[in-house]
Number of protein chains: 2
Amino acid sequence: METADTIGAAPRPGLRERKKQRTRDALLRAALELFTTQGYEQTTVDEIADAVDVSQRTFFRYFAGKEDVALFVQRLAESHFLAAVRERPPHEAPLEALRRAVLESWDTIGEAIEAVIPIELHMRTFQLIESTPALLAAHLRRSAEMEEEIAGVIAEREGLDVDADPRPRVAVAVFGGVMRVTGRLWGAGEDTSVEAIRALTASYLDHVGPALAEKWRT
Amino acid sequence: METADTIGAAPRPGLRERKKQRTRDALLRAALELFTTQGYEQTTVDEIADAVDVSQRTFFRYFAGKEDVALFVQRLAESHFLAAVRERPPHEAPLEALRRAVLESWDTIGEAIEAVIPIELHMRTFQLIESTPALLAAHLRRSAEMEEEIAGVIAEREGLDVDADPRPRVAVAVFGGVMRVTGRLWGAGEDTSVEAIRALTASYLDHVGPALAEKWRT
DNA sequence: AGGCTAGTGACAGTCGCTGACAGTTGACAA
DNA sequence: TTGTCAACTGTCAGCGACTGTCACTAGCCT
């Protein structure tokens with residue numbers, strides 16, 4: 001099944017594989033570039049394919065559709081976050097684990113992204129998603145799916161049954177809600193640095209307690 | 001501009017208007033019936049139009065698309081909930097107002113729905129939305145938009161600036177997150193009665209506090 | 001009764017997406 | 001090196017969602 005160098009650190013992917021990777025990257029970049037400059041709906045799949053000089057059919061062999069390309073990097077980031085959650089030490093309280101996972105994972109996420117596309121392009125894409133109904137919808141659905149997954153992780157950490165105890169899902173729902181708000185505000189604001197989103201997230205998470213309080217008047 | 005009976009309680013819509021209403025209702029029912037029996041993706045717009053004996057073009061004059069029909073009743077419910085929130089007395093704490101608004105509005109929502117389609121059909125539609133990716137995505141986006149609106153209402157109640165104080169958005173995000181979880185579980189469960197969703201909602205809202213606690217172990 | 005206009009159907013066209021088939025090119029063994 | 005196999009690709013054909021156009025029908029109003 002596998003060649004001898006499977007164990008080695010640099011398996012040298014082979015020409016075929018490298019070519020595939022190049023086409024995939026080229027399609028991704030071309031798509032995001034076109035989306036962010038002329039708009040998502042205004043960009044046709046043919047345009048993207050033409051820009052990379054492949055047939056439309058080939059585009060669909062690499063990506064499930066327009067949506068899929070647009071959210072590709074987002075999914076990358078999400079999987080990093082999910083991994084970060086799984087690696088939190090078990091003694092941390094659920095919300096604390098989630099909080100630290102986000103705050104810490106942003107750096108690794110940034111690196112992972114830059115290995116594929118320029119970070120600046122990703123920023124523009126992020127704002128595009130927020131402002132394009134079709135993309136926002138798809139993104140929210142993905143988020144919902146991931147929340148379900150995370151709820152499972154949390155439940156396991158605490159040795160609970162997700163379907164019996166409401167707390168895992170509730171905690172994750174609360175957390176997810178706050179994350180969406182911060183993401184939205186970050187995209188709308190001026191400062192698109194990693195520091196900015198980190199500070200914003202921390203601040204908003206700190207406001208969950210006060211927001212649930214009976215009296216808002218100081 | 002308006003005829004004399006504008007002031008009257010029963011303006012008698014006129015034949016034209018009544019005909020339109022009938023077509024709209026017929027399209028809505030036919031669509032939901034087809035969606036829930038053979039599936040959303042498996043149902044074409046032509047089928048729906050044929051079932052009501054109008055042209056495809058006419059369908060698109062009444063609804064923006066397939067998604068729009070499927071979520072029509074949901075939007076009806078949402079607007080009722082929003083109205084209920086606006087009518088809560090100002091002395092209630094934000095989360096308390098939201099809580100009471102949901103719990104109380106379900107009855108009025110039920111009535112409003114039944115004026116358009118049989119309630120049983122709506123239940124099936126609800127489950128369809130939860131289990132159809134494309135519809136779930138659209139629904140989540142709508143919810144997000146409404147959360148933004150509600151955040152504005154809450155901010156106004158408390159005399160705050162939504163963009164300056166994080167609490168309105170955070171509170172609504174938390175609430176919305178819990179609502180989604182309960183909705184999901186309700187659709188997945190057996191008991192589709194109004195009582196069931198009411199009890200489930202109350203229970204899950206009560207678990208927000210415990211879910212945020214440091215220690216989950218009793 | 002007759003003109004006005006909202007609502008409709010028929011038609012054509014765009015775009016996202018998929019299946020089928022044939023041609024090309026890297027991978028791997030004889 | 002060469003030949004075989006499998007992976008990738010392009011071309012073509014087609015479906016379904018959706019939109020613009022235009023002529024026509026049918027309520028409405030005077």
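Each chain gets a letter, A, B and so on, in the order its sequence line appears, and its residues count up from 1.
- Atom-to-atom, NZ of B:K66 to P of C:dC17 comes out at 14 Å; the value is rounded to the nearest Å.
- Look at CG on A:L34: it is 12 Å from P on C:dG16, rounded to the nearest Å.
- Put simply, the side chain of A:R16 and the base of C:dA27 share no donor and acceptor less than 3.5 Å apart.
- For a distance-only test at 3.5 Å, the side chain of B:R57 qualifies as a donor-acceptor partner of the base of D:dG20.
- Taking only side-chain nitrogens and oxygens, B:K19 never comes nearer than 4.0 Å to OP1 or OP2 of C:dG7.
- Atom C1' of nucleotide C:dG26 and atom CD of A:Q21 are separated by 17 Å, given to the nearest angstrom.
- Under a 4.0 Å N-O distance rule, the pair B:R75/B:E78 does not qualify as a salt bridge.
- Counting to the nearest Å, the C1' atom of D:dG27 and the NZ atom of B:K20 are 12 Å from each other.
- Panel note: side chain A:R157, backbone A:R88; a donor-acceptor pair is recorded below 3.5 Å.
- By the side chain to side chain donor-acceptor pair (under 3.5 Å) test, B:E87 is found to be paired with no residue, residues two or more places apart in sequence or in another chain being considered.
- Here A:Y62 lies in heavy-atom contact (under 4.0 Å) with sugar-phosphate atoms only.
- Going from atom CD of B:Q56 over to atom C1' of C:dA12 covers 12 Å, rounded to whole Å.
- Side-chain atoms of A:F60 lie closest to C:dT18 of the nucleotides C:dT18, C:dG26, C:dA10.
- Shown for residues 40-54 of chain A: residues whose heavy atoms fall under 4.0 angstrom of DNA chain C, namely A:T43, A:T44, A:V45.
- Salt bridge B:R169/B:E147: absent, no basic N to carboxylate O contact under 4.0 Å.
- One can place CZ of B:R22 at 15 Å from C1' of C:dT8, the figure rounded to the nearest angstrom.
- Between A:F63 and A:F72, the two ring planes are perpendicular [angle over 60°; tilted spans 30° to 60°].
- Using modelled atom types, one finds a donor on one side chain and an acceptor on the other under 3.5 Å when comparing B:D191 with B:S193.
- Between the B:H207 side chain and the B:S203 main chain, a donor and an acceptor come within less than 3.5 Å of each other.
- Note on B:F59: nothing from the nucleic acid sits closer than 4.0 angstrom, heavy atoms only.
- For the pair B:R61 CZ and D:dC18 C1', the computed distance is 13 Å after rounding to whole Å.
- Nearest-nucleotide mapping onto DNA chain D: of B:E17 and A:T23, the residue sitting toward the 5' end is A:T23.
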